[in-house]
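For the single chain, residues carry numbers from 1 onward in sequence order. Remember, it's a predicted structure, so these values are computed and weren't measured experimentally.
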Amino acid sequence: FRHPLATFFHLFFRVSAIVTYLFCDWFSNSFVACFVTILLLLSFDFWSVKNVTGRLLVGLRWWNQIDEDGKSHWVFEAKRVPTIAASTEAEARIFWLGLIICPVIWTMFFFSTLFSLKLKWLALVIAGISLQTANLYGYIHCKLGGQKTISRVTSRLFGTADVPTRQSRRISEDGTEEHGKTGTR
């Protein structure tokens with residue numbers, strides 16, 4: 001591993017939030033303490049994946065910026081150089097597996113919470129799904145945008161004609177390619 005600390009924290013916060021959710025009743029009788037602990041772990045995970053591990057392990061970043069006119073611009077960045085030089089294939093595999101499997105687990109928690117009628121936990125599970133899915137969506141968008149525009153990918157999948165999109169591409173000083181989708185909230 002070229003980035004063992006980033007790989008560790010990519011999985012640490014995610015797994016810790018899931019394990020804490022599963023076993024929190026064993027260690028504490030306080031719903032509020034469990035809720036806050038899990039929400040903090042989910043928040044740490046969201047921040048670390050979005051700002052650190054995605055960039056180091058797979059060479060992808062995404063963010064939202066608002067210009068002077070108040071328009072929201074989503075920027076999806078992918079390194080142009082092969083990411084294998086910056087990280088190993090094992091790190092990339094760990095990154096993507098963690099990014100995909102954890103939202104699936106939180107979705108299973110959603111249904112188990114809903115069917116067991118533990119509705120007080122529902123808000124926490126929805127927060128887990130939202131944060132994990134937001135990162136997944138952002139990185140999938142980076143990965144697809146780094147190769148082709150989204151409309152070309154979907155047109156090949158569904159056999160439709162190319163639909164023009166408002167995609168912008170920008171090459172920054174460090175050799176990264178940025179794809180931004182312009183839109184307003």
Among F46, F8, F44, W47, ring-ring contact (aromatic ring centres under 6.0 Å, His included) partner for F13: F44

Take W96 and K143 through the side chain to side chain contact (heavy atoms under 4.5 Å, CB included) test and state the conclusion after the steps. CA-CA 11 Å; W96 287 107; K143 183 79 170 163; 4.1 Å; yes

Which residue pairs pass the salt bridge (charged side-chain N to carboxylate O under 4.0 Å, His left out) test when at least one of the two sits in residues 93-107, sequence neighbours left out? E89-R93

Rounded to the nearest 0.5 Å, what's the gap from OG1 on T107 to CD1 on I126? Could you check? 11.0 Å

List the atom of A134, the atom of W62, and the distance in Å for their closest heavy-atom pair. O-CZ2, 3.7 Å

Drop me the distance from L57's CG to T7's OG1, to the nearest 0.5 angstrom. 4.5 Å

Quick one: which of F35, F109, F31, F110 gives a ring-ring contact (aromatic ring centres under 6.0 Å, His included) with W121? F31

Any donor-acceptor pair under 3.5 Å linking the side chain of E91 with the backbone of H3? yes

When clusters are formed by joining ILVMFWY residues with side-chain heavy atoms under 4.5 Å apart, either directly or through shared neighbours, do V125 and L114 land in the same one? yes

Once rounded to the nearest 0.5 Å, what's the spacing between atom CH2 of W63 and atom CZ of F76? 10.0 Å

Could you tell me which non-hydrogen atom of A17 sits nearest to which non-hydrogen atom of I38, and how far apart they are? O-CG2, 4.2 Å

Atom pair CG/CD1 of L124 and I129 - distance to nearest 0.5 Å: 10.0 Å

Do F115 and V104 belong to the same hydrophobic cluster, where Ile, Leu, Val, Met, Phe, Trp and Tyr are linked whenever their side-chain heavy atoms lie under 4.5 Å apart, directly or via other members? no

For S72 and N64, which heavy atoms make the closest approach, and how far apart are they? OG-OD1, 2.9 Å

Residue pairs passing the disulfide (SG to SG under 2.5 Å) test with at least one member in residues 21-66, sequence neighbours excluded, are C24-C34

Of the non-hydrogen atoms in H10 and F95, which two are nearest, and what is the gap between them? NE2-O, 3.1 Å

Could you give all pairs that pass the side chain to side chain donor-acceptor pair (under 3.5 Å) test and reach residues 16-43, with sequence neighbours left out? Y21-T113

Rounded distance [0.5 Å steps], CD1 in I94 versus CG in L99: 13.0 Å

Mark yes or no for whether S48, through its side chain, and D45, through its backbone, hold a donor-acceptor pair below 3.5 Å. yes

When rounded to the nearest 0.5 angstrom, what is the spacing between CH2 in W106 and OG in S130? 11.0 Å

Looking only at heavy atoms, the pair that brings A127 and L42 closest together is C-CD1, 4.5 Å

Can you name the closest pair of heavy atoms from G98 and R14 and give their distance? O-NH1, 3.0 Å

Would you say the side-chain atoms of D69 pair up with the backbone N or O of K71, donor to acceptor, closer than 3.5 Å? no

Is it true that L117 and L122 fall in one hydrophobic cluster, defined by side-chain heavy atoms closer than 4.5 Å? no

